[in-house]
Protein chains: 2
Amino acid sequence: MTETGGGPVRSSAVEELDRQIVDLLMADGRMSYTDLGKATGLSTSAVHQRVRRLEQRGVIRGYAAIVDAEAVGLSLTAFISVKPFDPSAPDDIPERLADVPEIEACHSVAGDENYILKVRVSTPIELEHLLARVRTLAGVSTRTTVVLSTPYESRPPRI
Amino acid sequence: MTETGGGPVRSSAVEELDRQIVDLLMADGRMSYTDLGKATGLSTSAVHQRVRRLEQRGVIRGYAAIVDAEAVGLSLTAFISVKPFDPSAPDDIPERLADVPEIEACHSVAGDENYILKVRVSTPIELEHLLARVRTLAGVSTRTTVVLSTPYESRPPRI
DNA sequence: TATGAAATAAGGGGGCT
DNA sequence: AGCCCCCTTATTTCATA
């Protein structure tokens, strides 16, 4: 092991105990180190060390409250597929859109379009304005799929 | 001698305080009640009470560690758009797919297809098997968009 | 093991009906 | 006036470093 820091480790194997810890923290991000220790058979400080290491390695990128978007006024979710007007131009689309707060996620994809954006706004008019901003900022054409309802979301993966 | 805090006391600020708390917890789901109190000008227990109420009302649905999917062996993300073979059949697609652990999210959408699923697997072969399972379980045809890379994801919304 | 945070109980003030 | 909601303070228990 010569990797001692200076960038996220991408292809690291996560061993069994780390896997358990990550699994538990994905299901309950506020679980205490004491409870994590009980669940894994480790001491509190051993768990703490492992969690800190997982955070430093970038395996755990952070923690978040999962919030009902409607309850905070973001009633409209949509997926926007984008394709550059000029396919020969250098692709800096993610960077150009990075500061648009309505964009929750940006995925580069295989298929007809180049990127899929997941966005949240309050109203259809805001979506209209957002689409105009995206087209202008990134130099893209858009195809938008409006979400009608979300049976489930943010389910922790079984790893 | 009992200074109650720096902020003005206004009952109209109640909604605003909840919004602040939710905002902070979306950005850092493990922030302590003490720190939330410092950030909002409330006492620890006032924050605690508000958070519990937000949880009970369903505004805060839970907490999760945000994990680098690749680091835990889920290297392949895809969006699967599904459409029922028999459009006249009763639509219980979300229920039929609810127990498939690879499905992280299920959105009902407007457009050519009825649902968009977000899935995570380890390998292309697993994706192939997952697609077969989805088609069989839910009685749908599928159109799959493979994610090549994810510039960003899980960004907390600005509320 | 010492410090700090979480949980719980008890007391007080302001707005609303 | 009375009620309800919500904030504070105080104390104990428990987690963290």
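From a predicted model like this one, the values you see are computed outputs, not experimental measurements.
For B:Leu42, whose side chain is taken as the heavy atoms from C-beta onward, the closest listed nucleotide among D:dT16, C:dA6, D:dC7 is D:dC7. You'll find that the side chain of B:Arg50 is closest to D:dC6, out of D:dC6, D:dT16, C:dA6. Of the candidates C:dA7, D:dT16, D:dC7, D:dT16 carries the atom nearest the B:Arg30 side chain, counting heavy atoms from C-beta on. Of all nucleotides listed (D:dA15, C:dA5, D:dC7), D:dC7 comes nearest to the side chain of B:Gln49. The listed nucleotides are D:dA15, D:dC7, C:dA6; the one nearest the side chain of B:Ala46 is D:dC7. Closest approach to the B:Leu17 side chain among D:dC7, C:dA6, D:dT16 is made by D:dC7 (side chain taken as heavy atoms from C-beta onward).
Residues A:Leu130 and A:Val72 are members of separate hydrophobic clusters, defined by side-chain heavy-atom contacts under 4.5 angstrom among Ile, Leu, Val, Met, Phe, Trp and Tyr.
OP1 or OP2 of C:dA7 has at least one side-chain nitrogen or oxygen of B:His48 nearer than 4.0 Å. Contact annotation: B:Arg52 side-chain N/O to C:dA7 OP1/OP2 distance is not under 4.0 Å. Residue B:Ser43 has no polar side-chain atom (N or O) positioned under 4.0 Å from OP1 or OP2 of D:dT9.
The nearest whole Å value for the distance from the OH atom in B:Tyr33 to the P atom in C:dT8 is 11 Å. As rounded to whole Å, 13 Å separates atom C1' of D:dC7 from atom CG of B:Asp18. Across the protein-nucleic acid pair, B:Tyr63 atom OH and C:dA6 atom C1' stand 13 Å apart, rounded to whole Å. Put simply, CE on A:Met31 is 12 Å from P on D:dA15, counting in whole angstrom units.
A distance-only check finds no donor-acceptor pair linking the side chain of A:Arg61 to the backbone of B:Ile66 [under 3.5 Å].
Within the 4.0 angstrom heavy-atom criterion, base atoms lie near B:Ser45.
Between A:Asp23 and A:Arg158 no salt bridge is recorded (no basic side-chain N to carboxylate O distance below 4.0 Å). Of the charged side-chain nitrogens involved, none lies within less than 4.0 Å of a carboxylate oxygen, so that B:Arg52 and B:Glu55 do not count as a salt-bridged pair.
Between A:Glu102 and the options A:Arg133, A:His129, A:Arg120, a side chain to side chain donor-acceptor pair (under 3.5 Å) holds for only A:Arg133.
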